[in-house]
2 protein chains.
Amino acid sequence: MTGAAAIGSQPLPRVTLREGAADALRAAILAGRLAPGAPVVEAALARALGISRAPLREAIRELLDEGLLVQQRAWGGVTVAPLDATVARELYTLRATLEAFAFETAWDRRDAAFRAALADRHAALTAAIDAGDDEASIAAELALHGVVYEAAGHGLLLQAWGAIRGRLTLYWAAHHRAHGRPGPRRDAHDDYLRHALGPDLDAMRAELRHHMQRGLVTVLRFVEPQEGVSPP
Amino acid sequence: MTGAAAIGSQPLPRVTLREGAADALRAAILAGRLAPGAPVVEAALARALGISRAPLREAIRELLDEGLLVQQRAWGGVTVAPLDATVARELYTLRATLEAFAFETAWDRRDAAFRAALADRHAALTAAIDAGDDEASIAAELALHGVVYEAAGHGLLLQAWGAIRGRLTLYWAAHHRAHGRPGPRRDAHDDYLRHALGPDLDAMRAELRHHMQRGLVTVLRFVEPQEGVSPP
DNA sequence: TCTTTGACGACTGTCGACAGTAGGGTGCGG
DNA sequence: CCGCACCCTACTGTCGACAGTCGTCAAAGA
């Protein structure tokens, strides 16, 4: 073995233009540079990214599957997914179900690494909130919740979480952009953490319902400010 | 209004080559003409379908997202997803969770149309089994279970079910091809139907667990015949 | 004035060709 | 005989150009 190992043993994530374009598109949407409802024109975007339309088209298809873009019909234009109260409700109800399943699956496998990951990411979230960094606090909150999904060791579940996470980010980012204040309150995850580390799975389930309900109410007040807040 | 209404009000589903290619690929995989693990070469497939590689590539991406195809890394070949016991377990555990959520959501909305749909599709399933038509019985069983997902009126849930359904079909089709006998037993859904129409949601939940457990055992005996059958 | 029809522009869907990469085989040096 | 560098082929990723479709708008007809 030569000194080659010194420069890293990862397979070197070779990026294709499609991947790069997908990342750039995601970033632009989540940062609000492409507002919800805005049209996405292939030729213009390709020119802006300095690539041809072929890889960009594949990237667009990817975001269509993720739900960040929508297309009414063939030959109809692609637009950034608009914010919608119904979708928001669906996001939180499905997420509550999936996260409960994740806890059930991971419950008996909670080890030192699990507890450490929860603590670390919660610290990172708190730090981001204290720093007033919206973008970082969104990512940190998602990373915190991601701990359980990863601990469940369930590939399909992780994939489902990924599909939800993208859209969730869209709503949170839009919300924070509109209100100009960092995401969750500093103590919003104290109970979550306590029960996640505790002995009572049913208590965790209840905490999840409360947590999701609170999150949904916050998003709904933003997406649908005219109507009274009511559980789905 | 002119006589235009006489020829139909549907938007006329215009198909692109991408959609057609995706359907053809799906059909070939599920029919076993493309066996699990078989390589998928763009140029050869495009020639076989009589189209260029561009729309075929987008169709391949679509099936990659659905899990019917897999790609190890960039520039690595795409192959048909191999059958895997772990994935099978994940399919059934996640499906049990989602279908329980679907019943919870739809429970208070079960109306005459719901009951009729259940009865109709169960009759279709029974007919397919009696006719010894494997392919039809697979589609019929999926359609029967689809009733609840549709009744829940939950777009994201429906999408998640679609993602699971594709892979499930892959496993069932391979199983039936290998054993040469039609799918579920004729009475396998009697309890399912009874509880789905009954008053007790908890009983339905229990029935779901049993139903999924039985289905998983059947698939596992096929995918992983060497090892003793044990719950996940 | 209102409806219909044709042309126009912008865009998406599709194509054939080019560039770059991974894996396998071959020949050389050790 | 074994290890290594090189080449060669098949394939994927990318490109620029062409064809088909949709929305718009102005002109013609009722």
Side-chain angles (χ1 to χ4, degrees), chain A residues 1-5 7-25 28 34 37-65 68-81, chain B residues 1-25 28-29 34 37-65 68-81:
Chain A
M1 170 80 68
T2 69
I7 60 173
S9 54
Q10 318 304 13
L12 230 283
R14 305 206 38 76
V15 299
T16 60
L17 291 187
R18 176 185 57 76
E19 291 176 72
D23 290 342
L25 255 178
L34 284 173
V40 173
V41 179
E42 294 179 4
L45 251 179
R47 212 172 39 243
L49 292 173
I51 63 177
S52 78
R53 282 177 51 215
L56 176 64
R57 275 178 66 89
E58 298 185 3
I60 289 177
R61 288 271 147 220
E62 202 171 317
L63 295 213
L64 282 171
D65 279 327
L68 292 182
L69 298 178
V70 291
Q71 179 177 38
Q72 244 68 313
R73 64 185 179 290
W75 284 281
V78 172
T79 58
V80 179
Chain B
M1 170 76 68
T2 69
I7 61 171
S9 53
Q10 316 308 8
L12 231 281
R14 306 204 39 76
V15 298
T16 61
L17 292 189
R18 176 184 57 76
E19 291 176 75
D23 289 342
L25 255 178
I29 292 172
L34 285 174
V40 174
V41 178
E42 293 179 2
L45 251 179
R47 211 173 43 241
L49 293 173
I51 63 176
S52 79
R53 283 177 50 215
L56 176 63
R57 277 178 64 89
E58 298 185 4
I60 288 178
R61 289 269 146 223
E62 202 170 317
L63 295 214
L64 281 172
D65 279 328
L68 292 183
L69 297 179
V70 292
Q71 179 177 38
Q72 246 65 316
R73 64 189 177 288
W75 286 281
V78 173
T79 58
V80 179

Has the side chain of B:Q71 got a donor or acceptor atom that lies under 3.5 Å from a matching backbone atom of B:G76? yes
Toward the 5' end of DNA chain D, which comes first, B:A54 or B:V40, by nearest nucleotide? B:V40
Kindly point out which of D:dC15, C:dA17, C:dT14 is positioned nearest to the side chain of B:R53? C:dA17
Ignoring the backbone of B:P55, work out which of C:dC15, D:dC11, D:dT14 is nearest its side chain. C:dC15
Give the rounded distance in Å between these two atoms: CD of A:E58 and P of D:dC15. 11 Å
Quick check: on DNA chain D, is the nucleotide nearest A:G76 upstream (toward 5') of the one nearest B:E42, or the reverse? Name the residue that is more 5'. B:E42
Whole-Å distance between C:dG13 P and A:Q72 CD? 13 Å
Considering only side-chain heavy atoms of B:R61, which listed nucleotide, D:dC15, D:dG13, C:dC15, is closest? D:dG13
Using a 4.0 Å heavy-atom cut-off across all strands, classify A:Q71 as base, sugar-phosphate, or nothing. sugar-phosphate
Given side chains that start at C-beta, do those of B:L17 and B:L49 come closer than 4.5 Å, heavy atoms only? no
For B:L49 and C:dT14, what is the distance between atoms CG and P respectively, to the nearest whole Å? 13 Å
Nearest whole angstrom, please: distance from the C1' of D:dC22 to the CZ of A:R73. 8 Å
Given D:dA17, D:dG13, D:dT21, identify the nucleotide with an atom nearest to the side chain of A:W75. D:dT21
Heavy-atom closest contact (B:P39 atom, B:T79 atom, distance): CA-CG2, 3.9 Å
Nearest whole angstrom, please: distance from the P of D:dT12 to the CD of A:E19. 16 Å
Looking at the side chain of A:R57, which of C:dA22, C:dT14, D:dG13 is the nearest nucleotide? C:dT14
Which heavy-atom pair separates B:A21 from B:A59 by the least distance, and what is that distance? CB-CB, 3.9 Å
Among D:dG16, C:dT12, C:dT14, find the nucleotide with the atom closest to the side chain of A:V41. C:dT12
When the distance from CG of B:L17 to C1' of D:dG20 is rounded to whole Å, what number comes out? 11 Å
Looking at B:E62 and A:R61, is any side-chain nitrogen of the basic one under 4.0 Å from a carboxylate oxygen of the acidic one? no
Base, sugar-phosphate, or nothing for A:R18, non-hydrogen atoms under 4.0 angstrom? sugar-phosphate
